There are 2 protein chains.
Amino acid sequence: MKDECKGDYVKLKDKVYPCSVSLTMDLVGGKWKAVILYHLIDGKKRFSELCREMPTVTEMTLSLQLKQLEKDGLVSRRVFGKKPPIKVVYSLTGFGMSFIPVLESITKWGNQVVNEKGEFVNGPS
Amino acid sequence: MKDECKGDYVKLKDKVYPCSVSLTMDLVGGKWKAVILYHLIDGKKRFSELCREMPTVTEMTLSLQLKQLEKDGLVSRRVFGKKPPIKVVYSLTGFGMSFIPVLESITKWGNQVVNEKGEFVNGPS
DNA sequence: CGGTATCCCCCAAGATACTG
DNA sequence: CAGTATCTTGGGGGATACCG
């Protein structure tokens, strides 16, 4: 039963998806993952830096999402120091970097949408 | 990278997002929206066709997601007939079509991932 | 500093049954 | 044919407090 490409299933780490779009959305979908990856495009960042750059995400959610991204191999986490002033640095892995073109595509479209139908705002207030 | 104002907020229909990536994920994120749009790339489809092409989505969820996509202006819904053998056709709007490049980018990346780390499967399971 | 531990709410999404 | 109507559940995501 040879279907078209669209009908084929794809499998990654014991999870089966109906198509590669579905797989992508599982890896980088959700409310924050793509945003996090976007903020890591320009290099490694500390946890607190990410917090500052994404003030609308709670620490807990950020931590959780980072962990999932790390588990899926998109982000790497390196720890410096052992006593309470610890330093943790996150960065894109090679795999994560391979996603940059998609992120740029997403950003570009989002900006277009805002330009045509929305508006840019300058403060949280 | 031209977009240096990553800290700016964007607004669309009374909703405020921390960045355009966040906006995009709100419009086409979730488990199925992007998949639905993907299946509409090659032209208009009836509800039952979409059901058949996406057997892992329930009718209810499909209906719900289509309604949201319609509300956000990405998909158009046209009804033919008024008595029980009704025919409803869904298609991408111009706005929806503007998202095709992003979908292609997503598909391409997903396929790469499967090629390098996963596998293609031919049957359901 | 960089998280966890809890607790909680909401809603996406599924199952099943029914209808104009 | 193309959906609704309910009901249920899982887990994403937030708030707050605390810890190594």
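Predicted model only: the values in this text are computed from it and were never measured. Lettering of chains follows the sequences in order, A, B, ..., and the numbering in each one begins at 1. Atom set for the values below is all heavy atoms of this structure, side chains included, hydrogens, waters and symmetry mates excluded.
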key: Heavy-atom closest pair, residues A:Lys15 and A:Asp26   =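 In this case the closest contact between A:Lys15 and A:Asp26 is NZ-OD2, 3.0 Å.
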
request  = For A:Lys31 and for A:Ile86, locate the closest nucleotide of DNA chain D by heavy-atom distance; then report the residue assigned to the nucleotide nearer the 5' terminus.
outcome  =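 Closer to the 5' end of DNA chain D: A:Lys31.
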
message = Reading DNA chain D from 5' onward, which residue's closest nucleotide shows up sooner: A:Thr58 or B:Val89?
response =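 Mapping each residue to its closest nucleotide by heavy atoms, the 5'-most match is B:Val89.
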
task = First locate atom CG of B:Leu103, then atom CD1 of B:Ile41, and finally report the distance between them rounded to the nearest 0.5 Å.
result =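 Going from CG on B:Leu103 over to CD1 on B:Ile41, the span is 4.5 Å.
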
Please state how far atom [atom1] in [X] lies from atom [atom2] in [N], giving the value in whole angstrom units.
X       : N      : atom1 : atom2 : result
A:Lys83 : D:dC19 : NZ    : C1'   : 13 Å
A:Glu70 : C:dG2  : CD    : P     : 15 Å
B:Asp26 : D:dG12 : CG    : P     : 17 Å
B:Met54 : D:dG3  : CE    : C1'   : 16 Å
A:Met25 : D:dG12 : CE    : C1'   : 14 Å
A:Trp32 : D:dG11 : CH2   : P     : 21 Å
A:Gln65 : C:dG3  : CD    : C1'   : 15 Å
A:Arg46 : C:dG3  : CZ    : P     : 10 Å

inquiry  = Go nucleotide by nucleotide along DNA chain C from the 5' end; which of A:Tyr90 and B:Gln68 gets its closest nucleotide reached first?
reply    =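 Whichever sits nearer the 5' end wins; that is A:Tyr90.
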
Comparing A:Leu66 and A:Met60 on DNA chain C - which has the more 5′ nearest nucleotide =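 Going by which nucleotide is closer to the 5' end, it is A:Leu66.
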
Phosphate OP1/OP2 of D:dA2: any B:Ser48 side-chain N/O under 4.0 Å =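 Checking D:dA2 against B:Ser48, a side-chain N or O does come within under 4.0 Å of OP1 or OP2.
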
Candidate nucleotides [options], ranked by approach to the side chain of [X] - the nearest:
X       : options               : answer
B:Pro84 : D:dA2, D:dG13, C:dG20 : C:dG20
B:Ser63 : C:dG14, D:dG3, D:dG20 : D:dG3
A:Val57 : D:dT4, C:dG20, D:dG14 : D:dG14
A:Arg77 : D:dC1, D:dG13, C:dG2  : C:dG2

query = Does A:Thr93 reach the main-chain N or O of A:Gly73 with its side chain, forming a donor-acceptor pair under 3.5 Å?
reply =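 Judged by distance alone, yes, a pair lies under 3.5 Å.
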
request  = Check whether any side-chain N or O of A:Ser105 sits under 3.5 Å from a backbone N or O of A:Pro101 as a donor-acceptor pair, and report yes or no.
outcome  =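 Side chain of A:Ser105 to backbone of A:Pro101, a donor-acceptor pair under 3.5 Å: no, none is there.
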
query = What is the ring orientation for A:Trp109 with B:Phe99, classed by angle as parallel under 30°, tilted 30 to 60°, or perpendicular over 60°?
reply =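 Judged by the thresholds at 30° and 60°, the geometry between A:Trp109 and B:Phe99 is perpendicular.
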
message = Within the 4.0 Å heavy-atom criterion, would you say A:Lys87 contacts the bases, only the backbone, or no part of the nucleic acid?
response =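 Sugar-phosphate, no base atom in range.
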
query = At under 4.0 Å between heavy atoms, what does A:Lys67 touch on the DNA or RNA strands: base, sugar-phosphate, or nothing?
reply =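 Touches sugar-phosphate only.
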
